[in-house]
Amino acid sequence: RGHAVYFVSFYPEPCPGQTLADVLQALRRFVEEVARRHPGRPPVLYGNCQAGWALTLLAADCQRLSGPVVLNGSPLSYWAGAAGMNPMRLAGGFVGGVWMTHLLADLGNGRFDGAWLIQNFENLKPEGVWEKYANLFAHVDTERDRFLQFERWWNAWYFMSREEIIAIVENLFIGNRLEAGTLRIDEHCTVDLRRIRNPLVVFASYGDNITPPQQALNWIPDLYDGVDEIQLNEQTIVYCLHEKIGHLGIFVSAGVARRETAELASALELIDALPPGLY
């Protein structure tokens, strides 16, 4: 649509001692450089999954960000979910806190292997591993290239430093401190979702078992008694729910790209001009 597009990517190997605050500071400097290159046009920020909560941290910290933030399948309410479903939100309680993250980082000599995160996703639907290979052999003449392309992508693990992954697990997924407004990025700043003033666009799906809609959206009724309070706080929140697409499909499905992603992109100027409220 004529917009310049930039991607943020980190190296698979973390810097020694890299912290969550370091990562956020690097991300902020990247966004500031993009804004500098296009004066008068605040960047539109897209965050898929974990990148979504990282952008939200920047939008809610003491320096803030400008421009709409689009959160695709991004968890912000880590304890939320439906009864009898979404078991991963209870995992921290069942295993006794963050000790396992410490152990896995110890086994990696100070590095945490991202393969463990993918293993968690696989555990949500263990039959999916069987179905994946069964589908490959059932359609062996046509599935080879697609299967190999996906596996190369799915198995491209990244490592994180011990400090970074422990801060993420302890503060977000177990502590739920982002929603509670008690997450400290550093000694100078505590993150508060009520501080966000740039429009937030939340895209979630009922078919997503990694970031179910409750984890993407429940922070809104937890923080506000109603739409009037959102308006008084001068926040603009737009959300879109898909009926069945899965977590990865939110990011890589061609059908979603043609419909929801394209529609959201074409509506961003309108969204940026909306008065505060919930849409």
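Under a cut-off of 6.0 angstrom, the local environment of CD in Glu127 is crowded, with over 12 non-hydrogen atoms contributed by other residues, nucleotides or ligands. No more than 12 heavy atoms of other residues, nucleotides or ligands shown are found within 6.0 angstrom of CH2 on Trp130. Environment of NE2 in His139: sparse, with no more than 12 heavy atoms of neighbouring residues, nucleotides or ligands closer than 6.0 Å. Heavy-atom contacts from other residues, nucleotides or ligands closer than 6.0 Å to OH of Tyr206 number 12 or fewer.
If you run side-chain contact (heavy atoms from CB on, under 4.5 Å) between Arg28 and each of Leu58, Val23, Leu55, Leu57, only Leu58 comes through.
For His102 and Phe112, the ring centers are positioned 6.0 Å apart or more. For an aromatic pair to be called close, the ring centres must be under 6.0 Å apart, and Tyr239 with Tyr279 fails this.
The distance from the CH2 atom of Trp79 to the CG atom of Asn176 is 5.0 Å, given to the nearest 0.5 Å. Atoms CG and OG, from Leu20 and Ser161 in turn, are 9.0 Å apart once rounded to the nearest 0.5 Å. One finds the CZ atom of Arg29 at 14.0 Å from the CG atom of Leu24 (value rounded to the nearest 0.5 Å). In this structure, OH in Tyr6 is found 16.0 Å from OH in Tyr46, a value given to the nearest 0.5 Å. Distance CD1/Ile165 to CG/Leu104: 9.5 Å, rounded to 0.5 Å. Ser77 contributes atom OG, which lies 8.0 Å from atom CD of Gln215 (distance to the nearest 0.5 angstrom).
With a 4.5 Å cut-off on side-chain heavy atoms, Thr190 and Leu183 do not count as touching. At a threshold of 4.5 Å between non-hydrogen side-chain atoms, the residues His38 and Pro43 do not count as touching. A 4.5 Å side-chain heavy-atom check between Glu163 and Thr19 finds at least one atom pair inside the cut-off. Contact of the Asp272 side chain with the Leu270 side chain is not registered, since no non-hydrogen atoms from C-beta on lie closer than 4.5 Å. Residues Tyr11 and Tyr158 form no side-chain contact, since every pair of their non-hydrogen atoms from C-beta on lies 4.5 Å or further apart. In this structure the side chain of Asn218 never reaches within 4.5 angstrom of the side chain of Leu76, judged on heavy atoms. Taking the side chain as every heavy atom from C-beta outward, Leu124 and Asn120 never approach each other to under 4.5 Å. At least one side-chain heavy atom of Ile237 sits less than 4.5 Å from a side-chain heavy atom of Ile220.
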What do the steps show when you test Arg144 against Val140 for side-chain contact (heavy atoms from CB on, under 4.5 Å), and what is the final call?
-> CA-CA 6 Å; Arg144 175 183 178 275; Val140 70; over 6 Å; no

Determine, step by step, whether Gln25 and Asp22 satisfy the side chain to side chain donor-acceptor pair (under 3.5 Å) criterion, reporting the C-alpha distance in whole Å, the side-chain angles of both residues, the deciding distance to 0.1 Å, and the verdict.
-> CA-CA 5 Å; Gln25 182 63 22; Asp22 294 330; over 6 Å; no

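Contact detail for Pro14 and Met160: the closest heavy-atom pair is CG-C, 3.7 Å. Contact between Gln231 and Gly277 at its shortest, heavy atoms only, is CG-CA, 3.9 Å. Here the closest heavy-atom approach between residue Leu193 and residue Gln235 is recorded as O-NE2, 3.0 Å.
Taking the ring axis of Tyr224 as reference, the NZ or CZ atom of Arg194 stays within 45° of it and closer than 6.0 Å to the ring centre.
Checked by atom type, the side-chain pair Arg177/Thr182 shows no donor-acceptor distance below 3.5 Å. Side chain to side chain, Gln214 and Trp219 fail the donor-acceptor criterion of an N or O pair below 3.5 Å. Remark: the Asn135 side chain and the Glu131 side chain contain no N/O donor-acceptor pair separated by less than 3.5 Å.
Using a 4.0 Å cut-off between charged side-chain N and carboxylate O, Arg195 and Asp61 make no salt bridge. Using a 4.0 Å cut-off between charged nitrogen and carboxylate oxygen, Glu143 and Arg146 count as a salt-bridge pair. With respect to the salt-bridge test (charged N to carboxylate O, under 4.0 angstrom), the residues Arg36 and Glu32 do not qualify.
Follow the hydrophobic side-chain contacts under 4.5 Å out from Val69 and you reach Leu217 in the same cluster. In terms of hydrophobic clustering, with Ile, Leu, Val, Met, Phe, Trp and Tyr side chains grouped at heavy-atom distances under 4.5 Å, Leu148 and Trp157 are assigned to different clusters.
Remark: side-chain polar atoms of Ser205 are paired, donor with acceptor, to backbone N or O of Ile245 under 3.5 angstrom. The main-chain N or O of Cys15 is found under 3.5 Å from a side-chain atom of Gln18 such that the two form a donor-acceptor pair. Asn233 contributes no side-chain N or O that, together with a main-chain N or O of Glu229, makes up a donor-acceptor pair within less than 3.5 Å. Looking only at distances, a side-chain donor or acceptor of Arg89 sits under 3.5 Å from a matching main-chain atom of Asn86.
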Taking distance alone, no hydrogens or angles, what donor-acceptor pairs closer than 3.5 Å link side-chain atoms of residues 248-262 to residues at least two apart or in another chain?
unit_1	atom_1	unit_2	atom_2	d
Ser253	OG	Gly255	N	3.3
Ser253	OG	Val256	N	3.2
Thr261	OG1	Val256	O	3.4

